[in-house]
Engineer: 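Got a structure here, written out as structure tokens. Questions coming.
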Amino acid sequence: MTKLDLDVAIVGAGFAGLFALHRVRSLGLKVRVFEAGHGIGGTWYWNRYPGARCDVESLEYSYQFSPELQQDWEWTERYASQPELLRYLNHVTDRFSLRPDIQLKTPIDSAYLDESTPHWVLNTATGDRITAQWLIMATGCLSRPYRPHLPGLDQFTGELYHTGEWPHEPVNFRGKCVGIIGTGSSAVQCIPPIALQADHLFVFQRSATYTVPARNGPLDPELQRRVKAEYPAFRARCNAQFLAINVNASTVSALAVGPNERRRIYDERWMRGGLPFTGAFADLRLSAEANATAAEYLRGKIRETVTDREVARKLSPHSTFGCKRLCVDTDYYASFNRSNVTLVDVYAEPIEIITSSGLRTTQRAYQLDSLVLATGFDAMTGALLAIDIRGRGGLKLKDAWYGGPRTYLGLATTGFPNLFLISGPGSPSVLSNMVATIEHHVDWVTQCIRYMETHGVKELEARHDFQEAWVEHVNQVASCTLFPTCNSWYLGANVPGKPRVFMPYVGGFPTYAAKCSEVSTNGFQGFRLG
Ligand code: NAP
């Protein structure tokens, strides 16, 4: 067993862990990152399924901490593909000499607080023991794949894949009969390329999904030049927006304009493509009536694209628009016009069992060579609770969060001093440009550690009363929106038995960042310092 004494241990080498390493190292502290994967990249290391790419534009979904990096890196597409994002993260890792302080292939099994020192004691799956005064959990929001308990799944003798843990060797679907379960963002991205390759593709859909075209393509060099010429101002404009994404949010109600004007605005957003569609009107997330206009517009687009009326009907969602994460696609609906793609509505025809050679629904058997689970993640809490984390008095994080995650600002949780969460539940995280909000969190945490160092503070812990008030605020803000009205992973509703709590903060990034800054300016108000 190797023993290692650190000032700061960081778990995860994705966007968050890499930047945390860079920042914390600048404090002159002894720090190391522990990563389960065999390479760096987090989300972009694991999610390498065909068609995987980001749904936030490259010029925004990138670090802003280094003006030189920002100028030097040339994005090739409007939305970066997974390989390009992984190249970018490897470039950042080498450019800032991060690699020597990253330990790959090292899953963390447990983290206990030793109150006598006080230090965190981490045990790795490889038998190492690490002690650190501070523990930064950069474990990602969508990093623990969710596999539904489908009877017979272990009997399947064909190739079985999960989009969130895609093999590193090329997968060839040519000549194969492929089944895919799920129609969320991952499926919406990989269905078109798989359809181009496979002999036949059966799409097993439980809930129809809303998706808008990405309108991806080579990034206009002139646009890149213009943005780079004023990058700090561009970033400031993005960060001032609700999601820290340049959605150009309207302040007008969808009900304040006539049907022709409404259609014109939706058409404009549809042609622009991507998540800015959500900003077409101010009240799409607040008013069911306003929301219904967007839903009907998108159903119209499905009817226009999909030639078979029955297939178009099945693909048409009737849930609240944007209540589950809006998908962004390239040729998703058009794929259903191909003769080698069949949509199976498993709401009407539930999956009974996975057999050795395919899948049986209540109506028929499907012979499959390959089965792709695009069934998502145990989001926001899954990766944290997979580690046996025990805080004050041996309190298990699992028990502390029995009824759902409870945090102060999504950054810390009572009973677990000196443990920081990056983009934790209770912060804007998954509702924002993740890279921008990760940088914000890491900067806040670095500032906090610096403060502790300079003020001789050994321990910092979220106060229970402040945490409860924040949780109450997060719930209250969410309850004013349409978000809690559907079975989304934001609510934990995709994982059976998971507490149903709306996890991200919907108050918007600018409001949230102002609150964090107020807390730090006031001597880390709401934290007990010891
Ligand atoms: P997801 O949105 O949770 O979708 C999972 C899909 O699997 C849903 O269609 C779900 O149906 C279905 N499913 C789950 N269990 C099932 C079962 N037992 N039987 C039949 N169907 C079942 O997961 P995801 O597509 O991996 O996306 C998760 C999130 O990751 C996204 O919302 C997004 O934030 C992020 N992501 C982003 C990108 C991007 O940047 N472009 C790409 C991929 C993912 P129900 O809806 O009925 O539950």
Side-chain angles (χ1 to χ4, degrees), residues 15 42-44 46-58 60-61 77-82 85 140-153 161-166 179-191 202-214 216 243 245 273-275 315 317-320 322-330 332 343-354 359 361 371-380 382 423 429-435 486-496 498 503-504:
F15 264 102
T43 288
W44 302 107
W46 297 104
N47 289 269
R48 44 179 80 212
Y49 55 81
R53 70 174 66 248
C54 190
D55 59 4
V56 176
E57 298 190 29
S58 325
E60 296 179 49
Y61 191 85
E77 291 182 273
R78 182 175 174 193
Y79 295 92
S81 66
Q82 176 271 334
L85 280 158
C141 293
L142 296 157
S143 45
R144 183 140 181 102
Y146 166 65
R147 288 180 171 73
H149 295 288
L150 296 164
L153 192 56
Y161 305 103
H162 190 290
T163 46
E165 274 180 348
W166 200 260
I180 181 164
I181 300 179
T183 50
S185 297
S186 303
V188 156
Q189 287 190 328
C190 69
I191 283 169
F202 291 99
V203 178
F204 297 95
Q205 169 190 278
R206 186 167 65 184
S207 311
T209 193
Y210 291 102
T211 171
V212 294
N216 187 40
L243 308 173
I245 301 176
L275 295 177
L315 283 169
H318 287 273
S319 49
T320 305
C323 186
K324 288 183 181 176
R325 168 83 170 201
L326 177 64
C327 301
V328 176
D329 74 278
T330 299
Y332 177 67
L343 180 67
V344 183
D345 176 3
V346 300
Y347 200 75
E349 181 188 337
I351 298 170
E352 269 190 345
I353 193 166
I354 309 294
L359 179 161
T361 67
L371 179 59
V372 177
L373 302 178
T375 47
F377 300 89
D378 182 352
M380 304 202 73
S423 57
S429 58
V430 289
L431 291 177
S432 65
N433 173 358
M434 284 296 293
V435 184
C486 70
N487 293 323
S488 68
W489 58 256
Y490 295 138
L491 266 173
N494 63 325
V495 176
K498 191 166 171 171
M503 293 183 283

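Model, not experiment: these values are computed from the prediction. Ligands are counted one by one from 1 in listed order, and the atoms in each one are counted from 1 as well.
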Engineer: Please check whether N494 reaches ligand 1 - meaning an N/O of the residue sits under 3.5 Å from an N/O of the ligand, judged on distance alone.
Structural biologist: no
Engineer: Under a 4.0 angstrom heavy-atom cut-off, which atoms of ligand 1 come close to P148?
Structural biologist: 15 (N), 18 (N)
Engineer: Counting only heavy atoms, which portion of F377 has something under 4.0 Å from ligand 1: side chain, backbone, both, or neither?
Structural biologist: side chain
Engineer: Report yes or no: does a heavy atom of I181 sit under 4.0 Å from some atom of ligand 1?
Structural biologist: yes
Engineer: Has Y210 got a side-chain atom pairing as donor or acceptor with S319's backbone, closer than 3.5 angstrom?
Structural biologist: yes
Engineer: Report yes if some N/O of T183 lies less than 3.5 Å from some N/O of ligand 1; otherwise report no.
Structural biologist: yes
Engineer: Can you measure from SG (C190) to CD1 (I180) and round to the nearest 0.5 angstrom?
Structural biologist: 3.5 Å
Engineer: In the protein, what heavy atom is nearest to atom 24 (P) of ligand 1, and what distance, to one decimal place, separates them?
Structural biologist: S186 OG, 3.3 Å
Engineer: With atoms numbered from 1 as shown, which atoms in ligand 1 lie under 4.0 angstrom from a non-hydrogen atom of G184?
Structural biologist: 2 (O), 4 (O), 6 (C), 9 (O), 25 (O)
Engineer: What's the shortest heavy-atom distance between V212 and G274, and which atoms?
Structural biologist: CG2-O, 3.5 Å
Engineer: Within a distance under 4.0 Å of any heavy atom of Y49, pick out the atoms of ligand 1 and give their elements.
Structural biologist: 42 (C), 43 (C)
Engineer: When rounded to the nearest 0.5 angstrom, what is the spacing between CG in L85 and OH in Y61?
Structural biologist: 6.5 Å
Engineer: If we only consider heavy atoms of T163, is any one of them less than 4.0 Å away from an atom in ligand 1?
Structural biologist: no
Engineer: Relative to atom 34 (O) of ligand 1, which among W489, Y61, Y490 owns the nearest non-hydrogen atom?
Structural biologist: W489
Engineer: Check ligand 1 against Q189 and write out every atom of the ligand that is under 4.0 Å from a heavy-atom position of the residue.
Structural biologist: 39 (C), 41 (N), 42 (C)
Engineer: For atom 46 (O) of ligand 1, state which one of Q205, K324, R206 supplies the nearest heavy atom.
Structural biologist: K324
Engineer: Find the distance between CG (L343) and CD (Q205) and round it off to the nearest 0.5 Å.
Structural biologist: 5.0 Å
Engineer: Hey, is A374 touching ligand 1 through its side chain, its backbone, both or neither, going by heavy atoms under 4.0 Å?
Structural biologist: backbone
Engineer: Looking only at heavy atoms, which two atoms of G492 and M503 are closest? And how far apart?
Structural biologist: N-CE, 3.9 Å
Engineer: Give, for atom CG of N47 and atom SG of C54, the distance between the pair rounded to the nearest 0.5 Å.
Structural biologist: 11.0 Å
Engineer: Is it the case that atom CZ in R144 sees more than 12 heavy atoms from other parts of the structure closer than 6.0 Å?
Structural biologist: no
Engineer: What distance do Q189 atom CD and D329 atom CG have between them, rounded to the nearest 0.5 Å?
Structural biologist: 9.0 Å
Engineer: C327 and T209: which non-hydrogen atoms are nearest, and at how many Å?
Structural biologist: SG-OG1, 3.5 Å
Engineer: Taking all non-hydrogen atoms of both residues, which atom of L243 and which atom of L431 are closest, and how far apart?
Structural biologist: CD2-O, 2.8 Å
Engineer: Return the minimal non-hydrogen interatomic distance between T375 and Y146, and the atom names on each side.
Structural biologist: OG1-O, 2.7 Å
Engineer: Counting non-hydrogen protein atoms only, what is the nearest one to atom 45 (P) of ligand 1? Give residue, atom name and distance.
Structural biologist: S207 OG, 3.4 Å
Engineer: Under 4.0 Å from any heavy atom of C54, which atoms of ligand 1 are there?
Structural biologist: 40 (O), 41 (N)
Engineer: As an exercise, identify every atom of ligand 1 less than 4.0 angstrom from a heavy atom of G182.
Structural biologist: 6 (C), 7 (O), 9 (O), 12 (C)
Engineer: Assess R53 for proximity to ligand 1: is some non-hydrogen atom of it under 4.0 Å away?
Structural biologist: yes
Engineer: For atom 33 (C) of ligand 1, what's the nearest protein heavy-atom neighbour? Residue, atom name and distance, please.
Structural biologist: S185 OG, 3.8 Å
Engineer: Quick one: pull up CZ in F15 and OG in S423 and give me the separation to the nearest 0.5 Å.
Structural biologist: 12.0 Å
Engineer: Of all the non-hydrogen atoms in the protein, which one sits nearest to atom 40 (O) of ligand 1, and at what distance?
Structural biologist: D55 N, 3.0 Å
Engineer: Output the list of atoms in ligand 1 that are nearer than 4.0 Å to some heavy atom of L142, sorted by atom number.
Structural biologist: 29 (C), 30 (O), 34 (O), 35 (C)
Engineer: Give the numbers and elements of all ligand 1 atoms closer than 4.0 Å to a heavy atom of G376.
Structural biologist: 3 (O), 5 (C), 23 (O), 24 (P), 26 (O)
